[in-house]
Amino acid sequence: MQFVSTRGKEQVSLSTAITQGLAADGGLFVPVTWPAAAVAQLPAGDNLAQVAEKFLEPFARGDALAPHLAAITAEAFNFPAPLLPLRDEARLSVLELFHGPTAAFKDFGARFLAAALTRLRAGLQRPLRILVATSGDTGGAVAAAFHRRPGVQVTVLFPKGLVSPTQQQQLTCWGDNVQSLAVRGSFDDCQALVKQAFLDPALRSEFELSSANSINLGRLLPQAAYYVAASLTVQRQTGAPASFVIPSGNLGNSTACVWARRLGAPIEEIVLAHNANRTVPDYLSEGVLRMRASVPTLASAMDVGSPSNLERLSALYPDAVSLGAAVSAVSVEDNAIRARIRADHDRYGVIWCPHTATAAEAWARLPAARRERGPWVLVATAHPAKFREIVEPLIGRPVPVPVNLARLFELPAQYAEIDPTLAALRGRLAEAA
Ligand SMILES: *Cc1c(COP(=O)(O)O)cnc(C)c1O
């Protein structure tokens with residue numbers, strides 16, 4: 001199976017799409033064809049890794065990764081994505097995607113990418129140097145996924161003093177082949193620095209640079225697997241297709257769900273739950289796309305004003321009318337996120353992270369007739385313990401910390417501070433080489 005750039009005709013294999021990240025014309029890779037039979041043939045009752053392997057098989061056919069697909073999916077999907085009922089709600093359940101090493105859904109994609117890249121790089125002399133600018137979950141998931149993998153070095157850049165203590169610990173607890181840099185500047189400075197590094201010919205000849213951000217197909221495509229598995233489970237349990245409410249920022253997770261449906265998974269409605277960054281909800285209601293600067297919110301991993309993966313959705317649904325027929329979108333302000341965390345803790349005894357609370361609030365705002373239709377699935381993207389500074393004052397009790405995270409909290413933190421300049425970054429890269 002080939003993948004084509006959203007901006008042109010460039011067609012590449014799965015391994016090339018994963019190695020390259022971005023297409024040469026600046027576009028994003030999307031499948032050329034949609035082998036819908038793949039989902040229909042999946043046997044009932046398989047575990048997540050087996051569903052992922054069978055579902056992804058047509059995409060890897062003929063590719064260098066094909067012989068490794070079973071091993072890659074076994075590595076990437078080695079923790080569960082349970083679908084749990086909510087107390088007193090017959091038509092609503094929760095898909096928990098946060099049981100991986102850094103307790104957010106990004107662990108799935110980061111682990112798949114790491115497992116694939118490690119195999120594609122096997123036998124090559126020069127280490128691959130992955131640069132990640134992060135304001136939260138991405139850096140931790142990528143660092144964890146590549147930690148101690150041979151032939152790869154990771155440099156994580158985060159804005160000094162602008163991530164929560166819990167987040168900082170997850171970005172700085174790794175060591176070995178993971179280097180953590182606290183940049184004296186903003187998240188935008190970190191991102192600009194990474195971009196500058198990629199554009200600098202001298203640096204590029206010195207190091208083999210790569211990125212692991214969410215526009216990489218190797219992070220996005222495997223995410224479709226948990227939607228396939230969950231929707232098949234819902235269909236088996238209820239006889240009806242599932243509808244999903246998805247906390248959304250850069251639209252990687254929701255694009256994966258749209259792709260799963262396009263590939264034949266029994267999925268009905270897809271609701272995108274955004275925070276106060278309302279680019280997508282406004283596009284659907286006004287019909288005009290206005291990308292903008294992001295605004296900070298409690299659901300910080302979704303603070304995106306210019307969502308990259310909209311380009312992938314637009315490749316399928318080119319205007320607001322057709323996209324609006326495929327998905328709907330809701331914007332939720334911080335005060336409603338806070339109120340929803342409190343209300344659902346009282347009502348169901350659950351603890352949401354601020355991102356998941358956005359989805360819970362979006363669901364609660366749906367017209368009753370749509371809510372009753374269901375069955376609905378709220379997608380829980382992170383464990384609340386990652387955001388305990390926000391959540392604990394709202395629910396008035398400590399958030400229990402899962403063992404995965406507790407282990408990370410105990411590791412010694414190590415990082416270096418740098419100014420937001422290319423010279424400073426180059427110095428640190430050379431040091432770690
Ligand atoms: C990254 C992230 C999101 C947003 O996902 P996108 O794929 O960028 O839309 C939502 N919730 C959490 C916890 C995240 O880490």
Side-chain angles (χ1 to χ4, degrees), residues 28 81 94-113 132-145 158 163-164 166-167 170-171 187 191 212-224 226-227 244-260 270-281 294 297-313 327 329-332 337 341 351-362 378-388 390-391 405:
L28 309 184
V94 182
L95 179 63
E96 291 187 351
L97 299 178
F98 54 65
H99 295 281
T102 68
F105 81 93
K106 290 185 177 79
D107 283 324
F108 284 112
R111 289 173 65 77
F112 185 92
L113 179 67
V132 210
T134 187
S135 59
D137 288 342
T138 300
V142 169
F158 64 94
V163 300
S164 75
T166 303
Q167 279 175 323
Q170 288 158 42
L171 299 173
F187 171 63
Q191 237 178 348
N213 65 21
S214 69
I215 56 174
N216 192 306
L217 187 78
R219 280 187 52 190
L220 195 138
L221 186 62
Q223 293 174 172
Y226 49 71
Y227 288 109
F244 289 91
V245 190
I246 307 174
S248 296
N250 217 11
L251 297 173
N253 202 7
S254 31
T255 299
C257 187
V258 169
W259 284 9
I270 299 173
V271 178
L272 315 181
H274 288 267
N275 57 25
N277 291 277
R278 10 184 341 125
T279 302
V280 178
S294 66
T297 76
L298 292 175
S300 52
M302 313 189 326
D303 291 347
V304 182
S306 175
S308 322
N309 284 298
L310 189 54
E311 185 161 333
R312 282 192 165 112
L313 289 178
V327 302
V330 176
S331 165
V332 176
I337 293 177
I341 291 174
I351 308 177
W352 303 134
C353 86
H355 311 80
T356 308
T358 308
E361 175 65 14
L378 297 182
V379 176
T381 47
H383 192 285
K386 294 193 82 164
F387 302 92
R388 54 190 178 177
I390 296 170
V391 174
L405 276 187

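The basis for the numbers below is simple: all heavy atoms, side chains too, and nothing from hydrogens, waters or symmetry mates. Keep in mind it's a predicted model, so treat the numbers as computed, not measured. Just so you know, ligand 1 is whichever comes first in the structure, and atom 1 is the first atom listed for that ligand.
Residue-ligand proximity, S248 to ligand 1, at heavy-atom distances under 4.0 Å covers atoms 9 (O). The N253 neighbourhood of ligand 1 comprises atoms 7 (O), with distances under 4.0 Å to a heavy atom of that residue. Interface of M302 with ligand 1, defined as ligand atoms under 4.0 Å from a residue heavy atom, comprises 3 (C), 4 (C), 10 (C). Contact atoms of ligand 1 toward D137: 12 (C), 13 (C), 14 (C), 15 (O) (distance under 4.0 Å to a heavy atom of the residue).
Scanning all protein heavy atoms for the shortest distance to atom 11 (N) of ligand 1 gives T381 OG1, 2.9 Å. Looking only at protein heavy atoms, the nearest one to atom 8 (O) of ligand 1 is N250 N, 2.8 Å. With hydrogens left out, the protein atom closest to atom 4 (C) of ligand 1 is G249 N, 3.7 Å, a heavy atom. Counting only heavy atoms of the protein, atom 5 (O) of ligand 1 lies nearest to F105 CZ, 3.4 Å. For atom 14 (C) of ligand 1, the closest non-hydrogen atom on the protein side is K106 NZ, 2.8 Å.
Remark: the backbone N or O of A299 is paired with a side-chain donor or acceptor of N275 at under 3.5 angstrom. Within the 3.5 Å criterion, the main-chain N or O of A212 finds a donor-acceptor partner in the side chain of R219. Within the 3.5 Å criterion, the main-chain N or O of A301 finds a donor-acceptor partner in the side chain of H355. In this structure, the side chain of H274 does not engage the main chain of S331 through any donor-acceptor pair within 3.5 Å. With K106 contributing its side chain and G139 its backbone, the two residues share no donor-acceptor pair below 3.5 Å. No side-chain donor-acceptor contact under 3.5 Å links T138 to the backbone of T134.
For the residue pair N309 and R312, a side-chain donor N or O sits within less than 3.5 Å of a side-chain acceptor on the partner.
Considering both main-chain and side-chain atoms, L251 comes within under 3.5 Å of ligand 1 through a nitrogen or oxygen pair. Between G252 and ligand 1, a contact under 3.5 Å exists for at least one N or O pair.
Classified by interplanar angle (parallel below 30°, tilted 30° to 60°, perpendicular above 60°), the ring pair F98/H383 is perpendicular.
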